[in-house]
Each structure stands twice: as structure tokens, then as C-alpha cells.
Amino acid sequence: MTSTSTGDSATERFAERLSATTLLRFATAGSVDDGKSTLVGRLLHDSKSVLTDQLEAVEHASRSRGQEAPDLALLTDGLRAEREQGITIDVAYRYFATPRRRFILADTPGHVQYTRNMVTGASTAELAVVLVDARNGVVEQTRRHAAVAALLRVPHVVLAVNKMDLVEYAEPVFASIAEEFTAYAASLGVPEITAIPISALTGDNVVEPSAHMDWYGGPTVLEYLETVPVSHDLAGCPARFPVQYVIRPQSAEHPDYRGYAGQIASGVLRVGDPVTVLPSGRTSTIEGIDALGVGVGAATTVDLAWAPQSVTVRLADDIDVSRGDLIAPTAHLPVTTQDVEATVCHVADQPLTVGQRVLLKHTTRTVKAIVKDIPSRLTLDDLSQHPAPGQLVANDIGRVKVRTAEPLALDSYADSRHTGSFLLVDPADGTTLSAGMAGDAFAAAAPDTVPAVDDEGWDF
């Protein structure tokens, strides 16, 4: 393992390259037949992001169904059941790029029974495009998708009022829908809402400005996607470094090397920073940071690194650190707790019940846990709480209280979508049961708390 030093100039050059090719993750959502897949297909087609053989296949499939124009929805509705029923079932991920930005797009289903799929697609999105049929306006499922976007703390929401060609491109229709949705989404706490009138079928205001809506002076969908500020400012949050792997090469060249590899979840790590290893509470300082260098097995020693870089951290003290531990600045530590209160979206077909034994996976750490209580289930239609449901079934969103066998270093999901989220997993077969978002209401465990575990290792 070779090591070379770099100065601030190399770090600045890397930052410039990173900022020049920003990545935007976004998800589409909307009711059935609102045109989500058609919009996605139009974006891919008009931005020249479709390969020739893909387009030819879509054209052939469209002609076989008696359609003269290519059905661009087929670019994303890839499952046979989706094509037969004309609906989106699974989350379809697509990567495309323009000269101004790179994109990862998640086309999510519109049916209420696939709410869990939308949660999956939107959980990592920085922007959500919610489609509304101009003929129908804001409907029940539109409100559900707005609520999910608010719940998942998606920072930007675009209201795409689609099928404007079917309402004669009438400005009053668009204005009424935009006003109703904006008021509702704002009441949920969505920080930024942008309304755009479009026709995905004809391409109006998707990539190119519409000649039929000269009353609209805002951006097209693609223009907005290319210019919306991307919240990659994870460096502004307190540093969080989940340890994924301990590196001990034990080579003659580096007999005492001991590094902790992983991806920085948030913040900036600097050489000389005092840090604490959680949940043990042991303290040290960062002695060195190794980033990927040039050549096989090469590493570059840097003075600082920031999220979401993958690096190897070396500490000044020889302390016990293993996979699943979290390294954080001593001055800004997360809460350490065994009692987790959170909102979860249940994604499994089997229900989640009180008293159920599960595994809780948080960053690189997995611990045993028990569901102690399910206080309420959220009704997305009107945002009311149904108390004491007893269980959560597929697509339900509710509050849970979980007791873990070992302390976890959790942030609030409102503060960090990375270190405030977790999964509940079936210990029998590894099936993901629920996706969780930690709230503020958990009691910190005492540093010297030792969990009481029964013979099977589950009662604590």
C-alpha cells in the first residue's frame, strides 16, 4: 500500500470536478393513468437518452398494438403485467445525463396497494415529481403522495399538471390545481413546491417550451431538474462515519497499519479531529485519512474528506473498533439509545405485530430487537391517527416503539436521512419488514447500561 500526500490544491480540484457533475436523484408519483411512465419516457426520448435498439423495440411493440406513434411509457413499464394492464407495478430506475447534470430516476407506482414501492423510490430522492391529470385535479392519491414526500423529507416537489392538451391548455384549470396542491403540500411542511403545466404525450413543457401555453413563463420539467439546487451539502451536517470494514494488512511494509474503512454518511472528517467511537464511547483523534489513489492498491493520504466519499480512517490510539461502530466528532455526538420511537412504512406481506422479534439494521450495524408497541397507524387520506392498531400490514405507515439488545447511535430522521433511517428485518429469512424513520422521542440509554438478555437472547 503506497501513500502520497496532497495539498489543498488537489482537494480543491476534486471539489470542482464533483460540483461540475452533480447528481440528482428524483422520483415520479401520481395516480393511475396520470401519465408518469409517459413523462419518464418523454424525458428520456427528448433528452436523447434512449439507445437506438431500445427505441426500435418500443416502436415495434407499439405497432403490434395498433399504435402509429411510439408508446414512450414502454421505456419504463418493463414487466409483462405492467404492459398488459397499462399500469406501473414495480419501481423502475433509470439513469440518464445531460451536459448540465446526471440523474437517477425512480418511476414509482400510483396504486394505493403499492405505497411501499413509492416509499422505496422516494426514500433517497432529493426531488419528487407528482403528476396530476388536468381533467381530474387533486385526488385522494395525490394527497397520499404529497404526504409520503413530506414524511420522507423530500426537499423539492414538482407538481406536473399533465394532459393540458385535453383541457385546451386552459390557464385557469392549471392555476386552480396548482393553488389547491400548493396549499395542501405546504400544510404538510413540504419546503418547496413548483408547479409546471405539461403534456407528456405531446412533449409540451417537458424538455422544450410549449407553443400552446404562452401564458406560462416558468421552466420546463427538464430545465428545472437541471437547475434545482441539489442538497449535496452533507458536509454541513455533523460528521458520521459508520465503520464497514477493519483493514489490517499485516505486511512487512506496514506492520502496524490499522484502518477503518467505510463511506462518510455526512459531514467532514479532518486529521487531528477529536472523535468518539459509538456505542462504546471510547475517544481518540484522527491520525490519518486514506482515500483511493492511482494504481492498484495505491492510497492517497489526505488532510480531510467529506460525505459521501469512501475512505479509510486511522486513529491515534489502538482502541477496539469493529464493523457496525460509528465514528463521530466528540463535540457533536448523536443520541445513543436502546429505546427507538419511529415512524415506519411496512413493506412486507406478513404483518408487523407487538412483541415480534426482529433485527434492526442501522447503517452498518445490525442488532436484535423487539417491537414493544405500535401506538398508531397513519391514515394518509386525511392524516389522522388510528390509535392502537395492534399490527401493521403491507403499505401501512405507523408509529412503533422498538427495544434493541444493544445501544444504537441514532440521529433524528429530520436531521439526517442517512443516519436517522433503519430497517426492521425478519431474523428467520432476512426479509425486510419495515423501513423506519427515527423520531425525536427516544430516551437515551445510560452509558453503563448493560442489556438484560434471556437464554435465547431476545428479552431485553
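Numbering of residues begins at 1 and proceeds along the displayed sequence.
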A.B. asks: Answer yes when Asp290 and Arg314 have at least one side-chain N-carboxylate O distance shorter than 4.0 Å, and no when they do not.
C.D. replies: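 Arg314 and Asp290: salt-bridged.
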A.B. asks: With a 4.0 Å cut-off on N to O distance, would you call Arg270 and Asp303 a salt bridge?
C.D. replies: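 No, Arg270 and Asp303 are not salt-bridged.
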A.B. asks: Side chains of Thr379 and Gln385: donor-acceptor distance under 3.5 Å anywhere?
C.D. replies: no
A.B. asks: Supply the atom-to-atom distance His418 NE2 to Arg240 CZ, rounded to the nearest 0.5 angstrom.
C.D. replies: 13.0 Å
A.B. asks: Compute whether any side-chain donor of one residue and acceptor of the other, for Arg399 and Ser376, lie under 3.5 angstrom apart.
C.D. replies: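 Looking only at side-chain atoms, Ser376 and Arg399 do not form any donor-acceptor pair under 3.5 Å.
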A.B. asks: Could you verify whether a donor N or O on one side chain and an acceptor N or O on the other, from Thr330 and Thr276, lie under 3.5 Å apart?
C.D. replies: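 Yes, because at least one side-chain N or O of Thr330 sits under 3.5 Å from a partner of the opposite role on Thr276.
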A.B. asks: For the backbone of Glu223 and the side chain of Thr220, can you confirm whether one donor and one acceptor N or O come within less than 3.5 Å of each other?
C.D. replies: yes
A.B. asks: When you check the side-chain N and O atoms of Tyr260 and Thr312, is any donor under 3.5 Å from an acceptor?
C.D. replies: no
A.B. asks: Do Arg101 side-chain atoms and Leu225 backbone N/O form a donor-acceptor pair below 3.5 Å?
C.D. replies: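 The answer is yes, because a donor-acceptor pair under 3.5 Å joins these two groups.
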A.B. asks: Quick check: does any side chain N or O of Arg153 sit under 3.5 Å from a backbone N or O of Asp415, one acting as donor and the other as acceptor?
C.D. replies: no
A.B. asks: Are side-chain N/O atoms of Thr431 and Asp426 paired as donor and acceptor at under 3.5 Å?
C.D. replies: no
A.B. asks: Considering non-hydrogen atoms only, spot the tightest contact between Val354 and Lys372 and give its length.
C.D. replies: CG1-O, 3.4 Å
A.B. asks: Counting only heavy atoms not in His332, do more than 12 fall under 6.0 Å of its NE2?
C.D. replies: no
A.B. asks: Working to the nearest 0.5 Å, report the span between CG of Leu360 and CD of Glu406.
C.D. replies: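 Leu360 atom CG to Glu406 atom CD measures 11.0 Å (nearest 0.5 Å).
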A.B. asks: Got a donor-acceptor contact below 3.5 angstrom from the Lys401 side chain to the Arg403 backbone?
C.D. replies: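 Between the backbone of Arg403 and the side chain of Lys401 there is no qualifying donor-acceptor contact (under 3.5 Å).
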A.B. asks: How long is the span from the OG1 atom in Thr285 to the CD atom in Glu287, to the nearest 0.5 Å?
C.D. replies: 7.0 Å
A.B. asks: Treating His145 as the side-chain partner and Gly30 as the backbone partner, does any N or O pair qualify as donor plus acceptor under 3.5 Å?
C.D. replies: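 Answer holds: yes.
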A.B. asks: Rounded to the nearest 0.5 Å, what separation is found between the CG atom of Leu43 and the OG1 atom of Thr38?
C.D. replies: 11.0 Å
A.B. asks: To the nearest 0.5 Å, tell me how far Phe103 CZ sits from Thr98 OG1.
C.D. replies: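 Here the rounded value is 4.5 Å.
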A.B. asks: Using modelled atom types only, decide if a donor and an acceptor are shared between the side chain of His362 and the backbone of Thr419 within a distance under 3.5 Å.
C.D. replies: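 Yes, the answer is positive, given that a donor and an acceptor are paired below the 3.5 Å cut-off.
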A.B. asks: Atom CG in Leu423, atom OG in Ser434: separation rounded to 0.5 Å?
C.D. replies: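 Output value for this atom pair is 9.0 Å.
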A.B. asks: Do any N or O atoms from the side chain of Arg42 and from the backbone of Ala200 form a donor-acceptor pair under 3.5 angstrom?
C.D. replies: yes
